[in-house]
Amino acid sequence: MMLKRLLLCFGAMALVSSAMAQNCPPKGYNSTLGDFNGDGKKEYVYFIPPKDADRWDELSDLSVLNGVLKFTDPSIPDIFLKFCVTGVPNNLGDLNGDGKDEIGIQPGWVTSSWGEYRVFTLKSSGWIDAISPIAVYLDDDLDFDTTPPIKKLGKGKVRITNFQWGNGGVQKNYKVVRIK
């Protein structure tokens with residue numbers, strides 16, 4: 001009887017330990033916590049860079065450099081990011097009022113000072129762009145990983161800051177858009 005109790009106790013500890021391990025992203029990956037599928041439970045999203053990201057200058061085909069956003073909840077589908085070698089996912093909160101947090105990310109690339117900030121929302125069909133990608137200028141003074149170019153104004157509305165070239169320099173523009 002004592003052996004059964006001991007085995008039952010070890011089994012329960014193993015289950016709890018396994019459940020806790022699934023709630024943390026692997027060490028060394030950029031991640032953020034949120035409720036991305038609207039089930040009321042928090043999970044992590046984390047960025048996995050492409051395997052050849054650190055030797056991109058040796059590659060003849062850069063189209064293989066695609067990153068992935070994965071989740072600690074295996075029922076949530078991955079987000080594949082084309083031409084992306086670095087990234088820090090941001091929990092932007094529930095921007096559209098559907099009970100699910102949206103994810104923002106600035107996909108890092110190997111060339112150019114220009115990029116696109118992406119905002120994703122989970123729908124029944126899978127992940128979609130919640131808004132059109134935001135054109136950003138990757139200046140040393142700006143850090144879109146800590147300060148995303150998007151601000152919630154109200155249910156379903158955000159103000160975006162996008163950038164464009166004009167008048168001999170980089171210009172910031174602000175626009176209010178609706179979230180899908």
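Residues K157 and R178 approach most closely at CG-NH1, 3.0 Å, considering heavy atoms. Considering every non-hydrogen atom in both P25 and T72, the closest pair reads N-CG2, 3.7 Å. In terms of heavy atoms, C84 sits closest to P50 at O-CD, 3.3 Å. Scanning all heavy atoms of the two residues, the minimum distance from K123 to K180 falls at NZ-O, 3.4 Å. Shown here for F47 and P89, the closest heavy-atom pair between the two residues is CB-CD, 4.2 Å.
A salt bridge links D129 to R118: at least one charged side-chain nitrogen sits closer than 4.0 Å to a carboxylate oxygen.
Between F144 and N90 there is no side-chain heavy-atom pair separated by less than 4.5 Å. Using a 4.5 Å heavy-atom cutoff, the side chains of D52 and L65 are in contact. A heavy-atom distance below 4.5 Å is not found between the side chains of V158 and V119. In this structure, the side chains of L138 and S112 stay at 4.5 Å or more apart for every pair of heavy atoms. The side-chain heavy atoms of V45 and I76, taken from C-beta on, include no pair separated by under 4.5 Å. N30 has its side chain out of reach of D145: every pair of non-hydrogen atoms, C-beta onward, lies at least 4.5 Å apart. Residues W165 and W114 form a side-chain contact, since some pair of their non-hydrogen atoms from C-beta on lies under 4.5 Å apart. Side-chain contact between W109 and V85 is present, with heavy atoms from C-beta onward closer than 4.5 Å.
In terms of modelled atom types and a separation under 3.5 Å, the side chain of Q164 and the main chain of N173 share no donor-acceptor contact. Counting only distance, with no hydrogens or angles, the side chain of D94 and the backbone of G99 share a donor-acceptor pair below 3.5 Å. With hydrogens and angles ignored, the 3.5 Å screen pairs a side-chain donor or acceptor of D35 with a backbone N or O of D39. Between the side chain of N162 and the backbone N or O of A135 there is no donor-acceptor pair closer than 3.5 Å. Remark: the backbone N or O of K70 is not paired with any side-chain donor or acceptor of D78 at under 3.5 angstrom.
Between the NZ atom in K41 and the CG atom in N23 there is a gap of 9.5 Å [rounded to 0.5 Å]. Atom CZ of F36 is separated from atom CH2 of W127 by 7.0 Å, given to the nearest 0.5 angstrom. Between the NZ atom of K42 and the CG atom of D73 there is a distance of 13.5 Å, given to the nearest 0.5 Å. Remark: Y46 OH to Y29 OH distance equals 7.5 Å, nearest 0.5 Å. A distance of 5.0 Å separates CD1 in I79 from CG in L69, rounded to the nearest 0.5 Å. Taking CD of E43 as the start and CG of D101 as the end, the distance is 8.5 Å to the nearest 0.5 Å.
Other residues, nucleotides and ligands contribute at most 12 non-hydrogen atoms within 6.0 Å of the NZ atom of K151. Around the NZ atom of K175, the shell of radius 6.0 Å holds no more than 12 heavy atoms that belong to other residues, nucleotides or ligands.
V136 and I131 end up in the same hydrophobic cluster when Ile, Leu, Val, Met, Phe, Trp and Tyr side chains are linked at under 4.5 Å. When the side chains of ILVMFWY residues are joined at heavy-atom separations under 4.5 Å, either directly or via intervening members, L33 and F71 end up in two distinct hydrophobic clusters. In the hydrophobic clustering of ILVMFWY residues, with side-chain heavy atoms under 4.5 Å counting as a link, V110 and V64 come out together. In the hydrophobic clustering of ILVMFWY residues, with side-chain heavy atoms under 4.5 Å counting as a link, I103 and I48 come out apart. L95 and L122 sit in two unconnected hydrophobic clusters of ILVMFWY residues. Membership requires side-chain heavy atoms under 4.5 Å apart, directly or through other members.
Looking at T121 and E102, their side chains do bring a donor and an acceptor atom within 3.5 Å of each other.
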